[in-house]
Amino acid sequence: MLGRGPDYEDLTVALWSHRDPAAFMGLVHYATLAANSHNAQAWRFRQTAEGVAILPDMGRALPAADSDHHHLYASLGCAAENLMLAAGATGRSSAMEFATDGDGRIEIALGQTGSRDVLFDAILERQCTRSDYDGRPVPGSDLGAMQAAARVPGCEVVLIEDRVKIEQILELVLAANTAQVSDPAFVAELKSWLRFNARAAIETGDGLYSGCSGSPSLPTFLGRIMFGAFFKPDAENDRYARQVRSSSGIAVIVSEHDDRAHWVQAGRGYQRFALKAAALGIRHAHVNQPVEVPSVRRELQSLLGLGDRRPDLVLRFGHAEPMPRSLRRPVRTVIAA
Ligand SMILES: Cc1cc2nc3c(=O)[nH]c(=O)nc-3n(C[C@H](O)[C@H](O)[C@H](O)COP(=O)(O)O)c2cc1C
């Protein structure tokens, strides 16, 4: 078995550190530290006369897990939020718009009247923590602060702490997970984004490194064989049931309308929720299966009484030790001409 090795640790320490947010490359650095689906980093950044444009990189889309590109645009929203917080750290304000022509893009105009937000300082602390949690409840005052931090126009966070309701949501997680794990296209796509050891993760600077989920490090050929043998609905469902039951509660990001502009807003709201949680020492991870399978998403919508509003992302939160950090590609590789 290959160890995680000092290189990976060194690289993550160097990556998850401050840059100059006054510089364009510094702003992009903070943007790329945002959460994003499968760590595919389907984004590119362009300096504009007004500020920065964030463009989708459709070559990194996930046709099986994210056929409508919902998660891709939500991930762009996460990056936009980090970028605007970084601009604020140097006293700049930002106004964001989603341009709908073509593949769409986020246009951020930078101004002169911003201020530093405490969420900026949490950018380096945030991570998705995919381990079992310790079952301790999160205090109501912290939950209220996370919910308030996540408020952006067009979307809100619904919190679920009632154990009966959590079990009902867990049932939807398991139903959708069974459908996904049984779908060869979904499994093949996921496998292509898995990095079974540190060397593979370092080589690409993207994807889902096994160490971040607490899985053993394996040579790539063996990892692929083991994944084929062990990635089965029952085993995965047991893991998700344990993880959800060890969590303090569930948060669902919900947006008013189901279009790309609102998916971006949902990403922004989620990123702010995650940053506030990190600032308070609270962990979170995604259990998005119910929003990724359309028939199950409708069940979740009705369980939560959302009417026409779209449930965008499903998160569990609670307390746990940190896990190894994820990697990113170098900033220079995500700059668009
Ligand atoms: C829109 C979106 C969807 C995501 N979906 C999942 C998911 O279904 N399961 C999961 O474990 N993580 C999910 N994530 C988390 C990413 O995998 C994670 O952000 C990425 O691997 C980088 O790791 P980090 O956030 O710890 O830096 C999602 C993140 C975003 C922004």
Side-chain angles (χ1 to χ4, degrees), residues 1-2 4-5 7-8 11-12 15 32-44 55-76 78-79 103 127-130 173 176-237 239-240 263 267 285-294 313-314 323-330 333-334:
M1 262 198 243
L2 298 174
R4 186 152 56 83
D7 290 354
Y8 187 90
L11 280 171
T12 53
L15 173 69
T32 61
L33 294 183
N36 68 95
S37 190
H38 278 35
N39 200 19
Q41 303 164 39
W43 46 40
R44 288 180 303 129
L55 317 162
D57 181 349
M58 288 303 179
R60 291 178 161 265
L62 306 167
D66 187 32
S67 58
D68 61 359
H69 300 139
H70 169 278
H71 285 358
L72 186 152
Y73 287 100
S75 301
L76 298 190
C78 296
D103 284 335
Q127 64 164 216
C128 293
T129 310
R130 297 191 189 85
V173 171
N177 192 53
T178 301
Q180 289 182 322
V181 177
S182 312
D183 172 4
F186 177 90
V187 175
E189 182 179 87
L190 176 61
K191 195 167 163 181
S192 75
W193 287 100
L194 292 177
R195 308 289 176 252
F196 294 102
N197 55 72
R199 195 182 308 159
I202 292 167
E203 249 166 45
T204 59
D206 63 14
L208 302 164
Y209 168 46
S210 56
C212 295
S213 312
S215 301
S217 189
L218 295 170
T220 299
F221 83 93
L222 188 57
R224 290 198 174 129
I225 293 170
M226 300 288 271
F227 179 74
F230 292 106
F231 192 69
K232 302 287 179 214
D234 283 354
E236 288 303 298
N237 283 348
R239 191 163 62 89
Y240 281 112
W263 302 345
H286 291 250
V287 273
N288 282 326
Q289 294 87 341
V291 296
E292 290 167 354
V293 176
L313 297 169
V314 184
M323 297 292 280
R325 315 307 301 266
S326 59
L327 286 179
R328 297 292 186 274
R329 291 174 295 150
T333 65
V334 294

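All values reported here derive from a predicted model rather than from experimental measurement.
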For this session: For residues 220-237, pull every pair meeting salt bridge (Lys or Arg N to Asp or Glu O under 4.0 Å), keeping only residues two or more places apart or in separate chains.
Result: Glu236-Arg239
Exercise. Do side-chain atoms of Tyr8 reach the backbone of Arg325 as a donor and acceptor pair under 3.5 angstrom?
Worked result: yes
For this session: Could you pull out all residues at least two apart from Thr178 that satisfy side chain to side chain donor-acceptor pair (under 3.5 Å)?
Result: Asn237
Exercise. How would you list, by chain and number, every residue that makes a salt bridge (Lys or Arg N to Asp or Glu O under 4.0 Å) with Glu189, sequence neighbours excluded?
Worked result: none
Exercise. How many angstroms lie between CG in Leu218 and CE in Met226, if you round to the nearest 0.5 Å?
Worked result: 6.0 Å
Exercise. Out of curiosity, Phe227 CZ to Ser215 OG, how far, rounded to the nearest 0.5 Å?
Worked result: 10.0 Å
Exercise. Could you give all pairs that pass the salt bridge (Lys or Arg N to Asp or Glu O under 4.0 Å) test and reach residues 205-217, with sequence neighbours left out?
Worked result: Arg60-Asp206, Arg195-Asp206
Exercise. Can you check whether Leu327 reaches Thr204 side chain to side chain, under 4.5 Å on heavy atoms?
Worked result: no
For this session: Test Leu190 against Leu208 for side chain to side chain contact (heavy atoms under 4.5 Å, CB included), laying out the working first.
Result: CA-CA 9 Å; Leu190 176 61; Leu208 302 164; 3.9 Å; yes
Problem set entry | Pairing residues for Ala185 by the side chain to side chain contact (heavy atoms under 4.5 Å, CB included) criterion, not counting sequence neighbours | Ala64, Asp183
For this session: Hey, could you give me the CH2/CG distance between Trp43 and Leu76, rounded to the nearest 0.5 Å?
Result: 8.0 Å
For this session: State, yes or no, whether a side-chain contact exists between Arg328 and Asn36 at a heavy-atom distance under 4.5 Å.
Result: yes
For this session: Show your working on side chain to side chain contact (heavy atoms under 4.5 Å, CB included) between Met323 and Ser213 and close with a plain yes or no.
Result: CA-CA 7 Å; Met323 297 292 280; Ser213 312; 5.6 Å; no
Problem set entry | Gap separating the CG atom of Leu194 from the CG atom of Asn39, nearest 0.5 angstrom | 11.5 Å
Exercise. What are the two closest heavy atoms between Cys78 and Ala35, and how far apart are they?
Worked result: CB-O, 3.4 Å
Problem set entry | Partners meeting side chain to side chain donor-acceptor pair (under 3.5 Å) with His286 (sequence neighbours left out) | Tyr270, Asn288
Problem set entry | Sequence-distant partners of Tyr73, ring pair (Phe, Tyr, Trp, His ring centres under 6.0 Å), two or more places apart | Phe98
Exercise. How many angstroms lie between OG1 in Thr220 and CD1 in Ile225, if you round to the nearest 0.5 Å?
Worked result: 11.0 Å
Exercise. Quick one: ring pair (Phe, Tyr, Trp, His ring centres under 6.0 Å) partners of Tyr240, sequence neighbours excluded?
Worked result: none
Problem set entry | Any residue meeting ring pair (Phe, Tyr, Trp, His ring centres under 6.0 Å) with Phe186, in chain and number order, not counting sequence neighbours | none
Problem set entry | Atom pair OG/CD of Ser326 and Gln127 - distance to nearest 0.5 Å | 8.0 Å
For this session: Go through Gln180 and Glu292 one step at a time and tell me if the side-chain hydrogen bond (donor to acceptor under 3.5 Å, both in side chains) criterion holds.
Result: CA-CA 9 Å; Gln180 289 182 322; Glu292 290 167 354; 2.8 Å; yes
For this session: For Ala176 and Gln289, work out which heavy atoms get closest and say how close.
Result: CB-O, 3.2 Å
For this session: Could you pull out all residues at least two apart from Ser37 that satisfy side chain to side chain contact (heavy atoms under 4.5 Å, CB included)?
Result: Leu62, His71, Ser75
For this session: Mind listing the closest non-hydrogen atom pair of Ser210 and Pro216 along with its distance?
Result: OG-O, 3.5 Å
Seminar exercise, completed: ring pair (Phe, Tyr, Trp, His ring centres under 6.0 Å) filter on His70, not counting sequence neighbours, yields Trp263
Seminar exercise, completed: Note: Ala40 and Arg329 closest approach over all heavy atoms is O-NH2, 4.2 Å
For this session: Return the set of residues passing side chain to side chain donor-acceptor pair (under 3.5 Å) with Ser67 (not counting sequence neighbours), or none when no residue passes.
Result: none
